[in-house]
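All remarks here apply to the structure that follows.
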Amino acid sequence: MALRNHSIITEFILTGLSDDPHIQALLFVLFLVIYLLTVMGNLTMLLVIRADSHLHTPMYFFLSNLSFLDLCFSSVTVPKLLKDLLSEKKTISVEGCLTQVFFVFITAGTEAFLLSMMAYDCYAAICHPLLYGQLVSTQLCVKLILASWGLASLNSVIIVLLAVNLDFCEAQTIHHYTCELPSLFPLSCSDVSINIDILICSILLHGLGTFLPVFFSYARIVSTILSISSTTGRSKAFSTCSSHLIAVILFFGSGLIRYLMPTSGSSLDLLSSLQYSAVTPMLNPLIYSLKNMEVKAAVKRTLGKYLQYFK
């Protein structure tokens, strides 16, 4: 992806999270711990789901894909953030910046589709338990995953093309710790009004297209749970989808705030980006492992197998 010849800027300067060396050192330790927990947590989920035959179901097929996406999503931004926290000059080339934008959109976009599919899975499990095998087959799950990657890739290409043809003449300081289009557009000396409109339309279509199925699925789920007479039954039904509901709130809440609110370079911009790109990928495996008895049991079985192997 080459920029037009009259773009003068070849690299951008990131302001990062802080200019204070002492605070940067503390932040480095904090985000290193977050990244290590993210990698270990999601790799553990992938290993346990693959190794334990009890978890070879559509629900855990989706969950393993979520762990893979969280691992990729975090790796797009956090390693660069860690490097910059140890550097005096925080720079990134224009090509590197656009590459980061592309991978942020493809991983985040696929995760949005995936969370929507997982909502449908919860709906089928709670509202139509007797028909679950017909409504959520293995073949359907694979097709949905492939379609989500394909649609997210197409959307990412369109989004990046918005930035490829922009001219960057003088301003080169991005008031953020990573490259995101809302922070990149103000630096351009081109007319970006159409680009911003297309970005907002894309986000709305993608966001609403993935969030509305979640909303309608949970409307039916809540209605079904309220119709259950026994307290035990309601509690069991709610526990089936509570982990997913928390993941949806964390991801969609911070993502929509970042891309639909005007960019100001404020702490809210940074916090919302950190929430969905660093914190949520770390929390998802914890949420699903702590609140899911099947995952807990599978972890114990898998650890038991490995301990016996090394004895």
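Below, all heavy atoms of this structure are taken into account, side chains as well, without hydrogens, waters or symmetry copies. Just so it is clear, the model here is predicted, and its values are computed rather than measured.
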Please check if the side chain of [X] supplies one atom and the backbone of [Y] the other of a donor-acceptor pair under 3.5 Å.
X: Ser227; Y: Thr224; answer: yes
X: Ser188; Y: Asp167; answer: yes
X: His175; Y: Thr15; answer: no
X: Ser67; Y: Leu63; answer: yes
X: Ser64; Y: Phe61; answer: yes
X: Gln24; Y: Ser18; answer: yes
X: Thr107; Y: Val104; answer: yes

Give a yes or no on this: more than 12 heavy atoms of other residues, nucleotides or ligands lie within 6.0 Å of atom [atom1] of [X].
X: Leu131; atom1: CG; value: yes
X: Asp197; atom1: CG; value: yes
X: Phe68; atom1: CZ; value: no
X: Phe28; atom1: CZ; value: yes

Taking C-beta and beyond as the side chain, do [X] and [Y] meet within less than 4.5 Å on heavy atoms?
X: Leu43; Y: Leu47; result: no
X: Val136; Y: Cys141; result: yes
X: Ser93; Y: Phe12; result: no
X: Val157; Y: Phe102; result: yes
X: Tyr120; Y: Val214; result: no
X: Leu81; Y: Leu17; result: yes

task = With side chain to side chain contact (heavy atoms under 4.5 Å, CB included) as the test, would you mind laying out the steps for Met45 and Leu66 before giving the verdict?
result = CA-CA 10 Å; Met45 291 295 290; Leu66 179 63; over 6 Å; no
inquiry  = Between Phe185 and Asn195, does the side chain to side chain contact (heavy atoms under 4.5 Å, CB included) criterion hold? Intermediate values first, please.
reply    = CA-CA 8 Å; Phe185 282 156; Asn195 303 65; 3.8 Å; yes
Is there a path of hydrophobic side-chain contacts, each under 4.5 Å between heavy atoms of I/L/V/M/F/W/Y residues, joining [Y] to [X]?
X: Leu26; Y: Leu36; value: no
X: Leu205; Y: Leu161; value: no
X: Ile249; Y: Leu274; value: yes
X: Ile158; Y: Phe113; value: no
X: Phe215; Y: Leu226; value: no

Could you state the interatomic distance from [atom1] ([X]) to [atom2] ([Y]), rounded to the nearest 0.5 Å?
X: Leu98; Y: Ile159; atom1: CG; atom2: CD1; value: 12.5 Å
X: Lys80; Y: Leu85; atom1: NZ; atom2: CG; value: 10.5 Å
X: Leu187; Y: Leu166; atom1: CG; atom2: CG; value: 10.0 Å
X: Ser156; Y: Trp149; atom1: OG; atom2: CH2; value: 9.5 Å
X: Leu30; Y: Ile34; atom1: CG; atom2: CD1; value: 4.0 Å
X: Ser148; Y: Asn65; atom1: OG; atom2: CG; value: 7.5 Å

Can you give me the closest heavy-atom contact between [X] and [Y], atom names plus distance?
X: Ser217; Y: Ala119; value: CB-O, 3.7 Å
X: Asp70; Y: Thr38; value: O-CG2, 4.3 Å
X: Ser87; Y: Lys90; value: O-NZ, 3.5 Å
X: Leu14; Y: His176; value: CB-O, 3.6 Å
X: Met59; Y: Asp121; value: CB-OD2, 3.4 Å
X: Glu111; Y: Asn284; value: OE2-ND2, 3.8 Å

task = Take Leu250 and Ile287, measure what side chain to side chain contact (heavy atoms under 4.5 Å, CB included) needs, and give me the verdict at the end.
result = CA-CA 11 Å; Leu250 289 174; Ile287 292 168; 3.9 Å; yes
query = Will you find, in the side chains of Tyr35 and Thr77, an N or O donor that is under 3.5 Å from an N or O acceptor?
reply = no
ask   = Is there a donor-acceptor contact under 3.5 Å linking the side chains of Ser202 and Asn155?
value = yes
remark   = From the list Leu144, Leu140, Leu146, side-chain contact (heavy atoms from CB on, under 4.5 Å) partner of Val142 resolves to Leu146
task = With Ile13 as reference, evaluate Thr91, Ile92, Ile174 under the side-chain contact (heavy atoms from CB on, under 4.5 Å) test and give the passing residue.
result =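 Of all the options given, the one that passes is Thr91.
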With ring centroids as reference points, do [X] and [Y] lie under 6.0 angstrom apart?
X: His128; Y: Tyr123; result: yes
X: Phe103; Y: Phe73; result: no
X: His244; Y: Tyr218; result: yes

ask   = Would Ile221 and Cys122 count as a side chain to side chain contact (heavy atoms under 4.5 Å, CB included) if you check the C-alpha gap in whole Å, the side-chain angles of each, and the deciding distance to 0.1 Å?
value = CA-CA 8 Å; Ile221 288 169; Cys122 290; 3.8 Å; yes
